[in-house]
Number of protein chains: 2
Amino acid sequence: MTVTIIGLGLIGGSFALALKDRGLTDRVIGVDTDPAHAAKAVELGLVDEIRPMDEAVEQADLIALAIPVNAIPLLAVKILNRVDRQVVMDMGSTKEELCEVIAQHARRGRFVATHPMWGTEYSGPEAAVRGAFTGRSVVVCQRELSDPDAVELVEGLYERIGMPIIEMGAEEHDLHAAYVSHISQVTSYALALTVLEKEREESKIFALAGGGFESTVRLAKSSGEMWIPILLKNKYNVLDVLREHIHQLQIMRRMIERDDAEGLRAAIGKANSIRRIIH
Amino acid sequence: MTVTIIGLGLIGGSFALALKDRGLTDRVIGVDTDPAHAAKAVELGLVDEIRPMDEAVEQADLIALAIPVNAIPLLAVKILNRVDRQVVMDMGSTKEELCEVIAQHARRGRFVATHPMWGTEYSGPEAAVRGAFTGRSVVVCQRELSDPDAVELVEGLYERIGMPIIEMGAEEHDLHAAYVSHISQVTSYALALTVLEKEREESKIFALAGGGFESTVRLAKSSGEMWIPILLKNKYNVLDVLREHIHQLQIMRRMIERDDAEGLRAAIGKANSIRRIIH
């Protein structure tokens, strides 16, 4: 099977590696608007060759979009305009606008909307990770609007990579993604800004940072090019969960201000229950 | 050299392992108010024996306090009252009150106030980690008030464990610790509370949590017993940095609200500069 991957960064590159390592493809064609990324992806063995978009779409059995979410809907339509037998999938972090835009397309059935729940704070082809995705979930949205053979192909690949599949509506996906994924990104950026604002002595940050600080601030290294479109495309859900987060911080701050150890004990006890959910 | 460790949890237990693994002690005596912890520490080989406090202090060359910070100052005084040749050290996360309380003690010189910049979200003797501390910094506060032989002993141990030593005043320590360590803890608790508040479907959290969410929320598993005293003892610094953090979140929230991609790009670009500092 020939797979074309459009966007040869963290997600596209890691997906290419996963397909190759498991023998799920015999040819990966890469497409990237950045020639340096394209060349690097070939050099790193992520893709076998680079082709212009039209040719790459034409020659593929499966076309995967792994580009920033603001660019996905229009490109999805343009690619659907050109396919017949091929299957098209995306790997983006927001789904509502995409699903709305392709809803009435004559070849909607050839598209499978997916979101693999994996990422790191790095980007570009060099950020591709061997063994990524395995053990993480993947959300498939509006599965009922995709042709059965298209769903079978895409889910079959994800299953063989070792990813449990979760079905969800597009709206539902964006809501849960804001709660569980997008909020972490905003808090991490804000934490980095806070520390850079308060701690003018960078050598102190470097020297004093323990494992806890590093893990909470790690996501602040993530590229704005990827995340700004996600935050803006999922604006209302992100605003809503951010309001709640600021509220929770204000409550904890007031407890500290009043030396309310009992209140803190109750709040932290509740927060600790995340242990049950995240191991 | 005989070392007595008071408090056989994450920090005390890991310190015991570090000393034993590097052959820096030939006998570790453990003291813990919780008999189950004491028994477990012996079973896990963290300590060679458990002794009552008086005996353990009497027989030791070095006594290390690894208990919650609210309990350190009084116990430090009580132990200083009983030592002559021995060296006493603590490993707590706040220093101002401790240093104030022991300042005028006749045997202040026998005490070395330290804070190794390492921890995990787990607690108790089972949480002790082999190879902890190595490569992390350790802060030594008010070094000039400790006897030279006491400083030499304690710093020598930390150096042989592989920890760069940073000298700092007690006030300065608490300020920087709030910025770089304590704030992460509060944001992680608040993030867990936010997600538990908004996301009523726990199965969704479990299924959708990617690496990013897990790393930012990881600290929310940490015990309140350890952290409430730290947050309250370092109250004014923590309140100050929390105010700034809430402010940064509000700024980002307003940018998202106004679709201010340019503003987000600038803010995220600045947040990204944490890359220079934390690798």
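Side chains included, hydrogens not; waters and symmetry mates left out as well; all remaining heavy atoms used. Every chain is numbered from 1, with letters handed out A, B, ... down the list of sequences.
- When heavy atoms are compared at a cutoff of 4.5 Å, B/Arg265 approaches chain A by way of both its backbone and its side chain.
- Two residues are said to be in side-chain contact when any heavy atoms from C-beta on lie closer than 4.5 Å; A/Met168 and B/Leu208 meet this criterion.
- In this structure, CG in B/Leu242 is found 5.5 Å from CD1 in A/Ile256, a value given to the nearest 0.5 Å.
- Ranked by non-hydrogen atom pairs under 4.5 Å with chain B, the options A/Val195, A/Val138, A/Ile246 are led by A/Ile246.
- B/Glu197 places a side-chain heavy atom less than 4.5 Å from the side chain of A/Lys270.
- When heavy atoms are compared at a cutoff of 4.5 Å, A/Glu244 approaches chain B by way of both its backbone and its side chain.
- Ranked by heavy-atom pairs shorter than 4.5 Å toward chain B, the options A/Gly269, A/Ala207, A/Ser273, A/Ser215 are led by A/Ser215.
- Proximity to chain A (any heavy atom under 4.5 Å) is restricted, for B/Glu172, to the side chain, taken from C-beta onward.
- Rounding to the nearest 0.5 angstrom, the gap separating the CE atom in B/Met117 from the CZ atom in A/Phe213 is 10.5 Å.
- Atom CD1 of A/Ile205 sits about 13.0 Å away from atom OG of B/Ser181, to the nearest 0.5 Å.
- No part of A/Ala178 comes within reach of chain B, as not one of its non-hydrogen atoms sits under 4.5 angstrom from that chain.
- With respect to chain B, the highest number of heavy-atom pairs below 4.5 Å among A/Ala177, A/Ser203, A/Ala192 belongs to A/Ala192.
- Among the candidates A/Gln185, A/Gln250, A/His115, the residue making the largest number of heavy-atom pairs closer than 4.5 Å to chain B is A/Gln250.
- Among B/Glu214, B/His247, B/His182, the residue with the largest count of heavy-atom pairs under 4.5 Å with chain A is B/Glu214.
- Interface summary for chain A: among B/Thr194, B/Leu196, B/Ile251, the most heavy-atom pairs under 4.5 angstrom belong to B/Thr194.
- The contact between B/Ile277 and chain A is made by backbone and side chain atoms together, counting heavy-atom distances below 4.5 Å.
- With hydrogens and angles left out, the side-chain atoms of B/Ser184 and A/Thr216 include a donor and acceptor closer than 3.5 Å.
- For a residue to count as touching a neighbouring chain, one of its non-hydrogen atoms must lie under 4.5 Å from one of that chain's; by this rule A/Arg218 touches chain B with the side chain only.
- A/Leu219 touches chain B through its side chain: at least one heavy atom from C-beta onward sits under 4.5 Å away, while N, CA, C and O do not.
- Residues B/Val180 and A/Lys204 fail the side-chain proximity criterion, which asks for heavy atoms closer than 4.5 Å.
- Ion pairing of A/Arg243 with B/Glu257 is absent here, as no side-chain N (NZ or NE/NH1/NH2) approaches a carboxylate O to less than 4.0 Å.
- Interface check for chain B: of the options A/Arg276, A/Arg275, A/Lys198, the most heavy-atom pairs under 4.5 Å are formed by A/Lys198.
- Residues of residues 220-241 of chain A placed with any heavy atom under 4.5 Å of a heavy atom in chain B are listed by number as A/Ala220, A/Lys221, A/Ser222, A/Ser223, A/Gly224, A/Ile228, A/Leu231, A/Leu232, A/Lys235, A/Val238, A/Leu239, A/Asp240, A/Val241.
- Separation of atoms CD1 (B/Ile278) and CD (A/Glu121) is listed at 12.0 Å; rounding is to 0.5 Å.
- Interface check for chain A: of the options B/Gly119, B/Ala267, B/Ser188, B/Pro164, the most heavy-atom pairs under 4.5 Å are formed by B/Ala267.
- Annotation: side chain of B/Tyr189 is in contact with side chain of A/Asn272 (closest heavy-atom distance under 4.5 Å).
- Here the side chains of A/Leu193 and B/Ile274 are not in contact, with every heavy-atom distance at 4.5 Å or above.
- Interface residue A/Ile166: only side-chain heavy atoms are found under 4.5 Å from chain B.
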